[in-house]
Each structure stands twice: as structure tokens, then as C-alpha cells.
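Quick caveat, the model's predicted, so the values are computed rather than measured.
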Amino acid sequence: MTLPEAGREPQLFVIDPIERLRPTKDSSVALMQAAQRAGQQVWVCTPAQLAVRGGTAEVQAQPVRLAEIRPTAGGWELPEPWFEAGDARWMPLASFPRVWMRKDPPVDEAYLYATHLLELAERQGVRVLNRPASLRAWNEKLSALRWTHLMAPTLVATQVEALAAFAAAHGEVVLKPLGGRAGQGVVFASASTPGLRALLELVTAMQTLPVMVQAFLPGVSRGDKRILLVDGEPLGAVNRVPSGGEFRSNLAVGGQPEATELSDQERAICAALAPALRAEGLFFVGIDVIDGRLSEINVTSPTGIREVERLGGIPLADQLMERLLAA
């Protein structure tokens, strides 16, 4: 492989260390490959390599060249090495017309400070994807509450008494920590669960942290659909089916991906969300829909591109990059 040629427009990806990415799973790698195919220089950095000097946003970035990773009947053909990296150098962030914030959660202090630094670059003319202010504002659980009429019955509360009353009213429920990701910490419970109040004390850190509780949707056994929206428009989806007696369908906890199509109801959900996503600079978003009900809105580093491309035969990353560069 050869490194990017000088003179081509650069595109920066703020990611976890590139050597830790899983190239056959990670949507960030799919996006970087699509940028490269579109004639862009691909550069990478971590949030720790962002800085501000005298009011100017800077970055210590390195150019990379990625090998093609092709789908096969059973997965992906992965060359080794799958990327080659050049030397890191300090540059103004304004050197990059487009910057992707693709650092995986948790949305901790370091993540939040990185969005503030990127927001300064945005004011200096850089297009940051997704918009830093929206990354801070759109908690991936709470942001769906803008459309409660599209969701299963939901309560967000800190007090055990309120959460227990909700469980009593709905029978079977799911408890979700507001800062969780990839299904981590999501718990099934019912009004008759032994030690329910102790469990609620645990998930609320003794009634100091709010938690989301939702009526359990039995239809999750048929799958949890991840729908990928680009500038508000759904370009592809993958259904994730629980396995091994697990009710969670996230791929990170063993859910099995399968090809799928969108129903009219799911398209209506996408259409309802689209104006707000566009208005708030959320260019690439993954929403989760269970049994026709909106569950979450993933804005930090949505996954699913690889599965959509392999199972659905849709060149989603290339379509996304074409729209981005045309804009």
C-alpha cells in the first residue's frame, strides 16, 4: 500500500486508536474506505491529539491508506496489514474541510471536552460530523423522548418507588442505564422479580442516578432493527435477532444479523425524525426499532454499515460519502 498523495482533499476521522478497530465490523473503517475510494486523503487521530493554540484548533494527525476489505459468503476477506500509517504531524484543524467524530462511547469528560475543541474548529469553518453540540445534547436514550408517541411506554426516574410502580403497572419491563452502550447493563425485570427494589436501588446508585424503564416488547424475539439514516433519509437496515436465551439483540452481546426491509411504519418513524436530525447537524444516525416502536437514537458512532453492505448488498458507505461530498 502507498500513503495518500499530496493535493487530494483531506478528511479527518477522530477515532479510538486505529490498531484497536475491528475492520470487518467497524463502521468507521467502512467510512474511511469509502472516503478513500471517493478520492479523499484519509487522516486519523484520537481525541487526545486535539488541541487549541492561541485560539486556533489544532490536531496531531497521521495519514493512512486502507486496503480493500471485500465481502465473502461467510464474512469478509481481510488483507494483512489492512492499513498503513504515515508519521503524525501537527496541523490546523481547519486544514480538513470535513472532520468525523467517531470516538466510541462512553460519553465521559474526555469525550465532552473533545466536542468543545471540535466546536471551535466548526466555528473556524470545519464541518464536523456529527455536530459537536448535538453530540452533547442527544443522549442516545433520552433523545428519543422527543417522540414518545412512537415509543413503548417509558418512564425516566431516580426514585425507586416510581420505578417499582411503573413495573407494577406494565408487568414486564426493561431497565436501561442512560449512559450504556451496545446493550450493556440493560436488564429485564417484572413486578414479581425477587428483590426488585434492591435491583432498582442498584441501577439508580441508591436513588442518585435516573434510569429509563420501558414496557417490555415481546416482539424483540423477532429482532431489533438498526436503521441507518444519512441526512435524515434511511439508506439501509439490518435486523438483529437475540440468540442463546438472551433477550438483548445487540451484536456485541451475541445478536445475529439478518437482511431486512423497512415497513411502512418504520419509514414513517424515519420521516418523523428527519427534520430534527437535519436541523441539528446529525448527518449519520442509527435508530433502533423494536416491533414498530422507536427505542434509541444513536448519534455518537453508529454501527451497522458492514452488516448492511454484506447482507443487503447495499454500498451504504459509498452512498453516504457521495451525498456528503456533493453537499
Practice problem: Kindly determine whether D288 and R240 satisfy salt bridge (Lys or Arg N to Asp or Glu O under 4.0 Å), including the steps that lead there. | Solution: CA-CA 10 Å; D288 296 338; R240 303 166 298 177; 3.0 Å; yes
Treating Ile, Leu, Val, Met, Phe, Trp and Tyr as nodes and any side-chain heavy-atom pair under 4.5 angstrom as an edge, say whether [X] and [Y] lie in one connected cluster.
X    : Y    : value
Y113 : I15  : no
V211 : L209 : no
L202 : L155 : no
L112 : L142 : yes
W147 : V299 : yes

[X] side chain vs [Y] backbone, donor-acceptor pair below 3.5 Å:
X    : Y    : result
R65  : E84  : no
T204 : L200 : yes
Q41  : R8   : yes
Q265 : G292 : yes
N298 : G286 : yes
R89  : P63  : no
E280 : L277 : no
N239 : R222 : yes
T154 : A152 : yes
E258 : V241 : no

Practice problem: Could you check V285, N130, N139, V107 and say which one makes a side chain to side chain contact (heavy atoms under 4.5 Å, CB included) with T300? | Solution: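 With T300 as partner, V285, N130, N139, V107 yield a single side chain to side chain contact (heavy atoms under 4.5 Å, CB included), made by V107.
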Atom [atom1] of [X] and atom [atom2] of [Y]: how far apart are they, to the nearest 0.5 Å?
X    : Y    : atom1 : atom2 : result
S27  : R22  : OG    : CZ    : 12.0 Å
L135 : L118 : CG    : CG    : 8.5 Å
M32  : L21  : CE    : CG    : 5.5 Å
E322 : R37  : CD    : CZ    : 12.5 Å
L316 : R310 : CG    : CZ    : 15.0 Å
L93  : T56  : CG    : OG1   : 10.0 Å

Please give me the minimum heavy-atom distance between [X] and [Y], naming the atom from each residue.
X    : Y    : value
A279 : R131 : O-NH1, 3.2 Å
W82  : I18  : CZ2-O, 3.6 Å
Q62  : G86  : NE2-O, 2.9 Å
E122 : P132 : OE2-CD, 3.5 Å
E309 : I314 : CG-O, 3.1 Å
Q124 : A94  : O-CB, 4.3 Å

Residues, nucleotides or ligands: over 12 heavy atoms within 6.0 Å of [X] [atom1]:
X    : atom1 : value
E68  : CD    : yes
E19  : CD    : yes
D108 : CG    : yes

Quiz item: Hey, mind stepping through Q60 and M91 against side-chain contact (heavy atoms from CB on, under 4.5 Å) and telling me if it holds?
Solution: CA-CA 6 Å; Q60 187 184 38; M91 307 166 65; over 6 Å; no
Quiz item: Taking it one step at a time, do V52 and E58 satisfy side-chain contact (heavy atoms from CB on, under 4.5 Å)?
Solution: CA-CA 6 Å; V52 176; E58 296 185 355; over 6 Å; no
Practice problem: Quick one: do Q36 and Q11 satisfy side-chain contact (heavy atoms from CB on, under 4.5 Å)? Show the steps, please. | Solution: CA-CA 9 Å; Q36 182 176 279; Q11 200 165 142; over 6 Å; no
Does the side chain of [Y] come within less than 4.5 Å of [X]'s, by heavy atoms?
X    : Y    : answer
R323 : L235 : yes
K225 : L262 : yes
I69  : P79  : yes
L229 : C270 : yes
E266 : I227 : yes
M212 : L175 : no
I305 : F284 : yes
F96  : W43  : yes

Self-check item: Salt-bridge present (E307, R226; N to O < 4.0 Å)
Solution: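 Here E307 does not pair with R226 in a salt bridge, since their nearest N and O are not under 4.0 Å apart.
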For [X] and [Y], test the side chains for any donor-to-acceptor distance below 3.5 angstrom and give the result as yes or no.
X    : Y    : value
Q159 : Q207 : no
K176 : S295 : yes
K103 : S301 : no

Exercise. Could you walk me through whether E161 and R197 pass the side-chain contact (heavy atoms from CB on, under 4.5 Å) test, one step at a time?
Key: CA-CA 8 Å; E161 194 64 38; R197 289 179 178 272; 3.2 Å; yes
Self-check item: NZ or CZ of R127 within 45° of W100 ring axis and under 6.0 Å
Solution: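 That pair does not qualify as a cation-pi contact.
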Practice problem: Would you kindly check if the NZ (Lys) or CZ (Arg) of R306 is within the cone defined by 45 degrees around the ring axis of W76 and under 6.0 Å from the six-membered ring centre? | Solution: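 Flagged: R306 positioned over aromatic ring of W76.
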Practice problem: Could you label the plane-to-plane angle of the F188 and F216 rings as parallel, tilted or perpendicular, counting under 30° as parallel and over 60° as perpendicular? | Solution: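 The arrangement is perpendicular - the two ring planes meet at more than 60°.
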